[in-house]
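Inspection log for the structure reproduced underneath, given as C-alpha cells.
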Amino acid sequence: MNRHHEASRWGGPDLPPERRALIVAAIAWNVAWKGASLWRAARNDSKPWFVTLLVTNTLGVLDAVYLFGFGRRRGD
C-alpha cells in the first residue's frame, strides 16, 4: 500500500512532518492571539467584542485588529 494513502490512528491521512509542524505553528499562533484578545475584551467589559472574537477564527487577524485598534485599555 502506498504510504500517502495510509490512514493514521485517528482516521485521517498521515501528514509529513513539515505539514504537521505548520499546523502546530498555526494553532499556537491562533491560540496566543485569541487568548490575548479575549483577555483584554473581558477586562474592558466589551461583551460584543468578546463574543465576536470567541466565535470567529481568522488566524489572529481580527484579534490583532481588536488589540491594536479597538481594545485599548481604559486609561492608556
By ring pair (Phe, Tyr, Trp, His ring centres under 6.0 Å) - contacts of Trp39 (at least two apart): none
Spatial distance of atom CH2 (Trp33) from atom OG1 (Thr58) [nearest 0.5 Å]: 10.5 Å
Which donor-acceptor pairs under 3.5 Å do the side chains of residues 49-56 make with protein atoms, sequence neighbours left out?
{"unit_1": "Thr52", "atom_1": "OG1", "unit_2": "Pro48", "atom_2": "O", "d": "2.8"}
{"unit_1": "Thr56", "atom_1": "OG1", "unit_2": "Thr52", "atom_2": "O", "d": "2.9"}

Derivation and outcome, side-chain contact (heavy atoms from CB on, under 4.5 Å), residues Tyr66 and Leu38: CA-CA 10 Å; Tyr66 174 73; Leu38 287 173; over 6 Å; no
Using distance only, find each side-chain donor-acceptor pair of residues 19-29 under 3.5 Å and give its atom names and separation, not counting sequence neighbours.
{"unit_1": "Arg20", "atom_1": "NH2", "unit_2": "Leu15", "atom_2": "O", "d": "2.8"}
{"unit_1": "Trp29", "atom_1": "NE1", "unit_2": "Leu59", "atom_2": "O", "d": "2.9"}

Gap between atom CZ of Phe68 and atom OG of Ser37 - 0.5 Å precision: 10.5 Å
Selection residues 51-65 - residue pairs positive for salt bridge (Lys or Arg N to Asp or Glu O under 4.0 Å), sequence neighbours left out: Lys34-Asp63
